[in-house]
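Heads up: the structure comes next, in structure tokens.
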2 protein chains.
Amino acid sequence: MMLNSPTADTTIVTTESIASALSQAIHEHRLAPGTKLGEDELSDIYRVSRTMVRAALQSLSHQQIVEIKRNRGAFVAQPSLTEAHEVFEARELLEPRTAKSAALNATPEDIALLNDHITQEHAALAAGDRGRALYLSGLFHLEIARIAKQQTIADMINVLIARSSLIIALYWRRESALCESQAHHALIKAIADNNGAFAEELMQSHLVDLHSALNLHELPPVGQNLKAMLLGAAPTQETS
Amino acid sequence: MMLNSPTADTTIVTTESIASALSQAIHEHRLAPGTKLGEDELSDIYRVSRTMVRAALQSLSHQQIVEIKRNRGAFVAQPSLTEAHEVFEARELLEPRTAKSAALNATPEDIALLNDHITQEHAALAAGDRGRALYLSGLFHLEIARIAKQQTIADMINVLIARSSLIIALYWRRESALCESQAHHALIKAIADNNGAFAEELMQSHLVDLHSALNLHELPPVGQNLKAMLLGAAPTQETS
DNA sequence: TAGATATAAATTGTATACAATATTGTGCGC
DNA sequence: GCGCACAATATTGTATACAATTTATATCTA
């Protein structure tokens, strides 16, 4: 499992840091949907007892990016088609108006921060690290909620973004990976211009774009269970 | 502490049931904001080990209706003025459009269920149990999200409702407790008529009503800490 | 050999023991 | 009596031990 294990024994490991590391790994697609997250395995990696691992896993399960099955363990969540639609519908409800607020609140420092995000995103893409680019792209959306000074909405968006990452891992269709960058650039401009109405509109269409770039009309997630895997295909995953 | 302790030793107590019992007690204002939730105390009440109590408290802290302070324990949350505004702003973003969807989806059974809710709400009020009426009123809002077939949004609304209950406990101003009933009746009618636009409008104004029925412009929460209580003045809120 | 069944291994669920921290109580000096 | 240092108590944080359950393995039968 590719995780950010602590480099030194002196590292202070809290429940949150474990949850955060796992969350980021999931967000960056280093952990595929369906992956088993064994407690012993994780407690070995992070050099803590199962107690803390369990707390971290429970935390992630509350965000619905990990599914805990009683007596069976924790798995990276596999959002269903229905859930996928719901997540994007929720985002379409929350984010456009939040982008509008952000446009009306944004300071030059905020704009600089957003631009910095884009730069990092480009750098990650240039380095071929699509997972990291996706993660940074999520942070961009989160940053907008922060600029809008709506922590409660930001929390909700944060969860929706993490779930979106899982949905993208399962249902992504398009090959073009750069479509987002343009949309983000345009958004920054609208926000920098304090053009709330336009920012709202751009965010709305951006989300619709993302939503429609998914295979949500026919295919169930692939590689779900052992049966499918053994009869021919690639990945090893579990059923829900 | 007035909690629903199990009546028999044979009761199967799960983490969720403890979290649910605590959540309901908070929702019904049987547990005031700021109340200390000691682990030993709760494990005595529910006859389980601290392990499960801790899991339940962590679950509630993720919903922000319980605040866990490291090395100090768990307390019923005390939403700040800012949080209070944010919660209602989030609800105003989510619920009107959800009510619209509900109006377009509702079946006769759904309408019957909503009416049943109102009836129970009235019964609770008639019995003088304002806490329970408040809880049922929250369920009414949740039920609408369920009718709209938006589980993800329903989950978010569920959390916002619980926090709203805390906010009401801290900032409620009006004496008239029945204002909601009328609004709910009107909403049911719009939904029963499949009048989405009107349902959306009614929900919006209902939430604005609730929001404006709070003392969110001046007073900080009362009865927070001993200093404030004894001095009878503006209390200093705890750090987050 | 396929299938079923019993047994063994591995994994999770829960409780408890101990350590770390915070809170409370006591005594001393002033 | 007041304030402060220090000890005693209580509470939370973490790890570990044991029980319950699932999963894997081996054995037996048709």
Side-chain angles (χ1 to χ4, degrees), chain A residues 1 6 9-22 31 34-62 66-77 224-231 236-240, chain B residues 1 3 6 9-22 31 34-62 66-77 224-227 229-230 236 238-240:
Chain A
M1 243 197 289
D9 288 348
T10 58
T11 308
I12 294 179
V13 182
T14 68
T15 301
E16 287 79 26
S17 71
I18 297 173
S20 170
L22 281 173
L31 289 175
T35 304
K36 171 80 184 280
L37 301 170
E39 298 181 358
D40 282 327
E41 190 178 6
L42 292 173
S43 62
D44 281 350
I45 291 174
Y46 293 111
R47 312 289 184 78
V48 292
S49 72
R50 281 175 51 216
T51 305
M52 299 187 69
V53 170
R54 279 177 74 85
L57 290 173
Q58 282 176 342
S59 171
L60 296 176
S61 86
H62 291 135
V66 160
E67 184 184 0
I68 295 178
K69 305 178 189 177
R70 185 175 175 86
N71 288 322
R72 302 219 20 225
F75 303 81
V76 179
Q224 297 296 41
N225 52 35
L226 279 292
K227 202 194 305 177
M229 179 193 146
L230 295 176
L231 293 184
T236 110
Q237 276 168 3
E238 299 269 330
T239 173
S240 59
Chain B
M1 247 199 283
L3 299 176
D9 288 350
T10 58
T11 309
I12 294 177
V13 181
T14 68
T15 300
E16 288 78 27
S17 71
I18 296 173
S20 171
L22 282 172
L31 289 174
T35 305
K36 171 79 183 282
L37 301 171
E39 298 182 357
D40 282 328
E41 191 177 6
L42 293 173
S43 63
D44 280 349
I45 291 173
Y46 293 111
R47 311 289 185 78
V48 292
S49 72
R50 281 175 50 217
T51 305
M52 299 186 69
V53 169
R54 279 177 75 84
L57 290 173
Q58 283 176 342
S59 171
L60 295 176
S61 86
H62 291 135
V66 159
E67 185 184 358
I68 294 179
K69 305 178 188 176
R70 183 173 177 85
N71 288 323
R72 303 221 20 226
F75 303 82
V76 179
Q224 300 292 45
N225 53 35
L226 279 293
K227 199 198 304 178
M229 287 195 66
L230 297 177
T236 62
E238 291 280 336
T239 63
S240 53

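Protein chains get the first letters and strands the later ones, always in sequence-line order, with residue 1 at the start of each.
Note: B:I45 CD1 to B:D40 CG = 11.0 Å, rounded to the nearest 0.5 Å. One distance of note links NE2 of A:H62 with CG of A:L57; it measures 11.5 Å at 0.5 Å rounding. For the atom pair A:R47 CZ and A:M52 CE, the distance stands at 14.5 Å (nearest 0.5 Å). Separating the CG atom in A:L22 from the OH atom in A:Y46 is a distance of 4.5 Å, to the nearest 0.5 Å.
Taking atom CD of residue B:Q58 and atom C1' of nucleotide D:dT12, one finds them 12 Å apart after rounding to whole Å. Here the P atom of nucleotide C:dT11 and the CD1 atom of A:I68 are 17 Å apart, to the nearest Å. Protein atom CD of A:E41 is 9 Å distant from nucleotide atom P of C:dT11, rounded to whole Å.
Side-chain atoms of A:S61 come within 3.5 Å of backbone atoms of A:Q58 as a donor-acceptor pair (strictly under, hydrogens ignored).
For B:K36 and D:dT12, the shortest distance from a side-chain N or O to OP1 or OP2 is below 4.0 Å.
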Treat primed atoms plus P, OP1 and OP2 as sugar-phosphate and everything else as base, then score nucleotides 14-23 of chain C 5' to 3': B for base contact with protein heavy atoms under 4.0 Å, S for sugar-phosphate contact only, - for none. BBB----SSS
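Under the side-chain hydrogen bond (donor to acceptor under 3.5 Å, both in side chains) criterion, A:E39 pairs with A:R50, A:R54, not counting sequence neighbours.
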